[in-house]
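These notes concern the structure reproduced below.
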Amino acid sequence: MRTLLAIAAALLVVTNVWAKPGDVDMGKAVYDQRCIWCHGVEGDGDSAATEWLNPPPRDFSSAQYKIKTTGFDDIVPNDEDIYRMIAKGMPGTAMPGWDDILSEQEIWDLTAYIKTFGGLEEETPSQQVDYGTPVPSSPESIARGQELFLDGERCSECHGEDGKGDSIKGLKDDNGERTWPRNLTKPWTFRGSNDSKDIYSRISVGIPGTQMPSFADPTSKKKLSTEERWHIANYVQSLAKIDEVVRAENTVVKADKLEGDLPAAVDDPRWQQTEASTFFLIPQMIGEERFFKPSNDTITVRALYSDNEIALLLEWDDRTRSIPGDEKAEKISDPEIAEDAVAIQLPIHIPDGMEKPYFGMGDAANTVNIWHWASGTTEKPESVALLNSRGFGEIERREPAQVRIQATGRYEKGTWRVLMKRPLLTSPADQDIQFLEGEFIPIAFAAWDGSNSETGSRHTLTTWYWLLLKPASGNKPLITALLMAFLIAGLLFWWARGASSPKERSQDGNG
Amino acid sequence: MKIPRLLQAVGVIVGIYAGFVLVFDYLLGQVIPSSLLSMYMFFVIAGVFMVYTFTEESARELVAPIKALVEDPSKKRIRNVVFILIPLLVAGFTYQRMSPSFEAPVELRSIHPAPPATVKAYGKRYDLATLKNPFRKYEKAKPEKFRELVREGGDIYIQNCQYCHGDKLDGRGPYAAGLNPTPLNFQDVGTIAQLQESFLFWRIATGGPGLPKEAAPWISSMPVWQDFLTEEEIWKVILFLYDYTGRRPRSWEHE
């Protein structure tokens, strides 16, 4: 016990040496210029932005900090914790990192000033997270971590079996604001980082003010030893999805050609052999009723085509399967539940030049096709709709069977997968896109999370990307290249012979 | 030592090519489309060829090394190597050209197109040449009131604009990464510092769809703010944009 105390004391001394003194008055000057817009003049999180953001800006008067490395029952954070959040920001929220425009000293000044809102200026933390002996990541450690993660639904209760945050609970933070358990396969949304030490700190301290509990708390039924916490941290780190991340340079969904029939099911193994393209989904805030608190953030698209058909597989993580009429689903949903849905948008003609329809549902001169799939309710099965749109107010509902659009979806462990299919060509051809091999076709997507009160114009979307039916190039390039090579070689040697012949021949003649 | 003229000519062409790539791809950060580059290079090669073959003598000097290579028996070995390499290069180039490329088409758009002379918004017509920010006068006349207006502009900005343009006004809001074209960076010297307040009023009131065709209105996610904000609110948010970034609007009077 005594050694423990000594260590804690030593840690304290060390942290205090690290902390640079910040100047409260200087901090206030910067705060009033940069931070009041969200955190409010009084630092109580009451500002023009509060109602528009989820999570809302922090109320500093509560003295509660989410990302900290002091003991779980010690409300006081280290100055370094506050410094880090200001400097690096909190990914996945509106809180940006400030170290690109503020100096180190300015950030220490801000730290000192912010502490005064919650009366923390005289406080020093009494406990630090105990890191024990770090366990490096290894297959064994990860396997042990997974066991502990699932054991008694320790973590999976909120984060889902595969860690996608597909909770079986509707969670609210201390202020009654909706919170979503983190999707642990998307480390770029972690407020801290997915460095194993960071994850270890979050598991040990929890995330104050939210349901994310501390697992170092000895009174918790789910408590974990330091070693166990390292195993789980290694497991969480291993969950990061690497093949379905947004790559900014990839703007083209490439459809491979298949001989014979296209996959009819979302889990057909042939999908795994196609290239996946992942795009950011952003909330719809350009027209009609705007939307600011999305829960879906990316969509992954794959495509295949055959001689006469095209199939697209849309895949996105959605924490809730929203089934209107279902008691359980309604309980975790926001008051109004709606169906989950997804849509593909395509111009009705492949554009000749640069000009495309307006990305927000077309415009007066340029119509778009919208294929809209909805997940169904307890009363009605999944369905697909076909819309021709010329802008927000100009939407014509058409019969999807007429052009033989089919769609089917499946929800599994926090992920929706929806397959949509249509013949490449339709007749008549003037109301619908005709898919032609080798042409770049504009394509955009939209998604609705029915448990996050997303219906109608309240949804997430992408801007235009491209769909390309990859032409089978065959061996034409190879043959042409070889022909060219022989032709040039022939010409060259003919030239060389012609040029050198008189001399060489006379030499030959002499010899 | 005198550099053979052939080598000089090749050197000049390669140098210009490298220059293009350097200026566009690295300095301007805007990858030059290959079709454009091919066109430029065609003119460059034609130009260099013309200069180097201007007189008969210079033309002879230029081709001398080639002639020597083909005719001089002592260079037979090099010749054979060159004569094998050239067809191989041609084959490689042809193959690459013929194989389909899956690169997305390049969309060149004008970022700051010329504004129209008059703009229709809020059911009225505005003459951009004479349109002024009605609140700008308070900056000197009533500084206190001006601070108040800037403050209100800031609240409008944080409620409506930060998602895309960022709360640091650097064009990197939480959703900026999902947008193409990217939201403009107001801290940059190339945006609002170059523009008049009337230009901003036009852009904010009519948004992406208000742009002329050369600016590709169909892909701009900039909302049409006359649908959501009042005229006064737009003028206030403009005050805030300049105040926060410390930039001055461009005005013809001072120039």
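Each chain gets a letter, A, B and so on, in the order the sequences are listed, and its residues count up from 1. Below, each value reflects all heavy atoms present in this structure, side chains not excepted, and no hydrogens, waters or symmetry copies.
The candidate with the highest count of non-hydrogen atom pairs below 4.5 Å against chain A, out of B/K213, B/R151, B/E103, is B/R151. Interface summary for chain A: among B/G166, B/P217, B/P209, the most heavy-atom pairs under 4.5 angstrom belong to B/P209. Of the listed residues (A/A49, A/G438, A/S47, A/P283), the greatest number of heavy-atom pairs within a distance under 4.5 Å of chain B belongs to A/P283. Between chain A and the residues B/N160, B/L88, B/V224, the largest count of heavy-atom pairs under 4.5 Å involves B/N160. In terms of non-hydrogen atom pairs under 4.5 Å with chain A, the most contact-rich of B/A216, B/G207, B/A91 is B/A91.
At least one donor-acceptor pair under 3.5 Å links the side chain of A/T50 to the backbone N or O of A/G45. B/Q159 contributes a side-chain N or O that, together with a main-chain N or O of A/A48, makes up a donor-acceptor pair within less than 3.5 Å. Formation of a donor-acceptor pair under 3.5 Å by the B/K168 side chain with backbone atoms of A/G97 is found in this model. Here the side chain of B/H165 pairs no donor or acceptor atom with the backbone of B/G173 at under 3.5 angstrom. Between the A/Q284 side chain and the A/F291 main chain, no donor and acceptor come within less than 3.5 Å of each other. A/D256 contributes no side-chain N or O that, together with a main-chain N or O of A/T274, makes up a donor-acceptor pair within less than 3.5 Å. Put simply, the side chain of A/T463 never gets that close to the backbone of B/L179: no donor and acceptor are under 3.5 Å apart. When atom types are taken as modelled, the side chain of A/K254 and the backbone of A/S277 share no donor-acceptor pair closer than 3.5 angstrom.
A salt bridge links B/R147 and B/D243; the closest N-O separation between the charged side-chain nitrogens and carboxylate oxygens is under 4.0 Å. Using a 4.0 Å cut-off between charged nitrogen and carboxylate oxygen, B/E148 and B/K142 do not count as a salt-bridge pair.
Atom CZ of B/F49 sits in a sparse spot, with 12 or fewer heavy atoms from other residues, nucleotides or ligands closer than 6.0 Å. Counting heavy-atom neighbours within 6.0 Å of B/F93 CZ, excluding the residue itself, gives a total of 12 or less. The number of heavy atoms from other shown groups lying within 6.0 Å of CD (B/E144) does not exceed 12. Within a 6.0 Å sphere centred on CZ of A/R390, other residues, nucleotides and ligands contribute 12 heavy atoms or fewer.
The shortest side-chain heavy-atom distance between B/L241 and B/T245 does not fall under the 4.5 Å cut-off. At least one side-chain heavy atom of A/T251 sits under 4.5 Å from a side-chain heavy atom of A/Y465. A 4.5 Å side-chain heavy-atom check between A/D297 and A/W188 finds at least one atom pair inside the cut-off.
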| message | Determine whether A/K356 and B/E107 satisfy the following criterion, salt bridge (Lys or Arg N to Asp or Glu O under 4.0 Å), listing intermediate values before the conclusion. | response | CA-CA 11 Å; A/K356 304 174 198 169; B/E107 295 177 291; 2.9 Å; yes
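Within the 4.5 angstrom heavy-atom criterion, only side-chain atoms of B/F228, from C-beta onward, approach chain A. In this structure, chain B has a heavy atom under 4.5 Å from the side chain of A/W466, while its backbone stays farther away. The parts of A/E355 that come within reach of chain B are both its backbone and its side chain, each placing non-hydrogen atoms under 4.5 angstrom from that chain. Proximity to chain B (any heavy atom under 4.5 Å) is shown, for A/F359, by both the backbone and the side chain. Only the side chain of A/D100 comes within less than 4.5 Å of a heavy atom in chain B; its backbone stays farther off. Both the backbone and the side chain of B/D155 come within contact range of chain A, with heavy atoms under 4.5 Å apart. With a 4.5 Å cut-off on non-hydrogen atoms, A/R290 touches chain B through its side chain but not through its backbone. Contact annotation for B/I219: both backbone and side-chain heavy atoms come within less than 4.5 Å of a heavy atom of chain A. With a 4.5 Å cut-off on non-hydrogen atoms, B/R172 touches chain A through its side chain but not through its backbone. With a 4.5 Å cut-off on non-hydrogen atoms, A/L53 touches chain B through its side chain but not through its backbone. Only the side chain of A/L468 has a heavy atom closer than 4.5 Å to any heavy atom of chain B. There is no contact between B/Q96 and chain A, counting heavy-atom distances below 4.5 Å. Of the atoms belonging to A/I101, it is side-chain heavy atoms, and not backbone ones, that fall under 4.5 Å from chain B. Neither the backbone nor the side chain of B/K67 comes within contact range of chain A; no heavy atom of the residue lies under 4.5 Å from a heavy atom of that chain. For A/T93, the part lying near chain B is the backbone, with the side chain staying farther off; criterion is any non-hydrogen pair under 4.5 Å. Interface residue B/P223: backbone and side-chain heavy atoms are both found under 4.5 Å from chain A. Residue A/M95 does not touch chain B at all, counting heavy-atom pairs closer than 4.5 Å.
Checked against the 6.0 Å centroid criterion, the rings of A/F292 and A/W52 qualify as a close aromatic pair.
With a 6.0 Å cutoff to the six-membered ring centre and a 45° limit on the axis angle, B/K145 counts as a cation-pi contact of B/Y138.
Residues of residues 480-490 of chain A that come closer than 4.5 Å to chain B, counting heavy atoms only, are A/T480, A/A481, A/M484, A/A485, A/I488, A/A489, ordered by residue number. Using a 4.5 Å heavy-atom cut-off against chain A, the contacting residues of residues 180-190 of chain B are B/N180.
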